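Right, one structure below, let's go through it.
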Protein chains: 2
Amino acid sequence: MKTCSHQHTHKRQELPALTDRLRRHARKITGPRAAILEILRQHPHPLTTKEIFSEMPRGECDLATVYRSMHLLEKAGMVKRFHFYDGAARFELVEEGSDGHYHHLVCIRCSGVVKVEECFSAEIEKKIAAKNGFKAVTHKLEFFGVCPNCQG
Amino acid sequence: MKTCSHQHTHKRQELPALTDRLRRHARKITGPRAAILEILRQHPHPLTTKEIFSEMPRGECDLATVYRSMHLLEKAGMVKRFHFYDGAARFELVEEGSDGHYHHLVCIRCSGVVKVEECFSAEIEKKIAAKNGFKAVTHKLEFFGVCPNCQG
DNA sequence: TTTTCAATTGCAAATCATTTGCAACAAAAG
DNA sequence: CTTTTGTTGCAAATGATTTGCAATTGAAAA
Ligand SMILES: [Mn+2]
Ligand SMILES: [Mn+2]
Ligand SMILES: [Zn+2]
Ligand SMILES: [Zn+2]
């Protein structure tokens with residue numbers, strides 16, 4: 001499943017809008033950062049740091065810089081970090097204004113990913129928080145299964 | 001939060017019962033394996049491989065052996081693997097006959113863990129599976145927040 | 001109980017993902 | 001243009017987990 005088969009309910013943002021967002025948070029718009037944003041923009045899928053790195057125009061920029069940039073973008077709320085079945089973190093752009101709360105359905109055979117907008121009620125989360133006296137409770141939820149192409 | 005503050009709704013299994021279960025799956029009951037089971041039995045919490053290793057009677061057995069054993073126990077369905085906020089896998093014993101399906105509420109400050117027995121995603125899971133044509137869909141769900149002791 | 005043999009272990013080296021120190025560099029402000 | 005300060009490349013360091021291999025040992029067979 002190399003092709004992008006999932007639905008994009010979000011509008012793809014323009015690069016200038018992205019760099020503006022970044023400017024508001026961090027300080028400088030550098031070559032590597034713009035390149036990373038452009039790559040994320042063109043791949044509305046969770047991408048590993050290494051995948052982002054290899055999409056980079058002719059080995060431009062160091063892997064360490066990509067790692068540093070992902071932390072920066074994450075702190076700025078511009079990307080969201082995910083962990084699936086393997087050890088590598090994956091990143092996706094978060095739309096401006098969005099809380100970036102959604103989940104994924106991942107094929108354990110081909111790694112195909114579908115975005116899942118549904119979520120169980122926030123009430124349950126509050127109930128669990130209250131019952132245990134926890135505050136600022138959030139959750140991570142991911143689904144795993146076998147996609148249509150990989151069945152049989 | 002070093003103490004064990006959460007409720008144990010499950011009965012702690014006896015070691016002979018555990019080794020019997022293991023015997024049914026794998027081949028040999030060795031010193032390291034029995035020790036690991038005993039440690040898991042006495043700590044009804046998610047434990048990292050390194051934590052299990054350091055609980056081991058006077059440095060008995062190699063770290064690599066613990067890693068190999070955790071894979072073995074996992075394949076035998078005797079332990080469940082969890083991933084929280086940091087990079088280390090954590091393990092807990094799964095009761096005989098249990099599908100081992102439950103979740104956790106983790107304190108992001110002190111790493112304290114509370115087991116969450118409720119599961120709300122079952123219906124959503126079916127709906128999502130059907131909508132996307134996926135089969136054998138499962139999910140991972142964990143809650144994160146700040147525990148009573150770590151607030152303020 | 002002894003033999004036998006595949007499963008298991010210890011040890012050290014190898015991987016993998018990610019981080020970090022530091023000197024050279026380059027955006028953005030003045 | 002100059003200054004200031006955040007950024008980057010590079011290489012080495014980390015931390016978790018895996019793996020090759022020879023030595024060891026459960027447990028089934030004799
Ligand atoms: Mn949710
Ligand atoms: Mn559940
Ligand atoms: Zn698939
Ligand atoms: Zn806490």
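Each chain gets a letter, A, B and so on, in the order the sequences are listed, and its residues count up from 1. Everything quoted here is computed from the prediction, not taken from an experiment.
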For this session: Could you tell me whether the side chain of B/Glu60 and the main chain of B/Phe53 form a donor-acceptor pair under 3.5 Å?
Result: no
Problem set entry | Whole-Å gap separating C1' (D/dT25) and CD (B/Glu60) | 14 Å
For this session: Please assess B/Glu92 against B/Val79 for the test side chain to side chain contact (heavy atoms under 4.5 Å, CB included), listing each intermediate value before the final yes or no.
Result: CA-CA 5 Å; B/Glu92 252 183 358; B/Val79 303; over 6 Å; no
Problem set entry | Distance below 4.0 Å between B/Lys50 side-chain N/O and D/dG15 OP1 or OP2 | no
Seminar exercise, completed: Rounded to whole Å, CZ of A/Arg24 lies from C1' of C/dA28 at a distance of 18 Å
For this session: Please list residues of residues 27-39 of chain A whose heavy atoms come under 4.0 Å from any atom in DNA chain D, ordered by number; otherwise none.
Result: A/Arg27, A/Lys28, A/Thr30, A/Pro32, A/Arg33
For nucleotides 19-23 of chain D, give me every protein contact, N/O to N/O, under 3.5 Å, one pair per line with atom names.
residue : atom : partner : partner atom : Å
D/dG20  : O6   : B/Arg68 : NH1          : 3.3

Problem set entry | For the student: nearest non-hydrogen atoms of A/Cys150 and A/Arg109, plus distance | O-NH1, 2.8 Å
For this session: For the pair B/Glu118 and A/Lys131, find out whether any cationic side-chain nitrogen is under 4.0 Å from an anionic carboxylate oxygen.
Result: yes
Problem set entry | Gap between atoms CD and P, on A/Glu51 and C/dA17 respectively (whole Å) | 11 Å
Exercise. Any sub-3.5 Å donor-acceptor pair from A/Ser54's side-chain atoms to A/Lys50's backbone N or O?
Worked result: yes
For this session: Provide, to the nearest angstrom, the distance between the CG atom belonging to B/Leu63 and the P atom belonging to C/dT9.
Result: 13 Å
For this session: Compare every heavy atom of B/Cys147 with every heavy atom of B/Cys107, then report the nearest pair and how far apart it is.
Result: SG-N, 3.4 Å
For this session: Could you pull out all residues at least two apart from A/Ile108 that satisfy side-chain contact (heavy atoms from CB on, under 4.5 Å)?
Result: A/Phe144, A/Val146
Exercise. For the side-chain contact (heavy atoms from CB on, under 4.5 Å) test, which of A/Ile36, A/Ile29, A/Thr30 pairs with A/Leu22?
Worked result: A/Ile29
Exercise. When you check the side-chain N and O atoms of B/Glu142 and A/His139, is any donor under 3.5 Å from an acceptor?
Worked result: no
Exercise. Can you give the dot-bracket line for DNA chain C, where a pair is Watson-Crick or G-U wobble with both atom distances under 3.5 Å, crossing pairs use [ ], and | marks a partner on another strand?
Worked result: |||||||||||||.|||.||||||||||||
For this session: Using a cut-off of strictly less than 4.0 Å between a heavy atom of the residue and any atom of DNA chain C, enumerate the qualifying residues of residues 70-91 of chain A by number.
Result: A/His71, A/Gly87, A/Ala88, A/Ala89
Exercise. Are B/Met56 and B/Leu37 connected in the hydrophobic side-chain network, where two residues link if heavy atoms are under 4.5 Å apart?
Worked result: yes
Problem set entry | Pairwise ring-ring contact (aromatic ring centres under 6.0 Å, His included) hits with a residue in residues 76-99 of chain A, at least two apart | A/Phe82-A/Tyr102, A/Phe82-A/His104, A/Phe84-A/His104
Problem set entry | Value in whole Å for how far the C1' atom of C/dA7 lies from CZ of B/Arg23 | 15 Å
Exercise. Within a reach of under 6.0 Å around NZ of A/Lys80, are more than 12 heavy atoms found that belong to other residues, nucleotides or ligands?
Worked result: yes
Problem set entry | Residue pair A/Val114, B/Phe134: steps toward the side chain to side chain contact (heavy atoms under 4.5 Å, CB included) verdict | CA-CA 10 Å; A/Val114 180; B/Phe134 273 58; 4.1 Å; yes
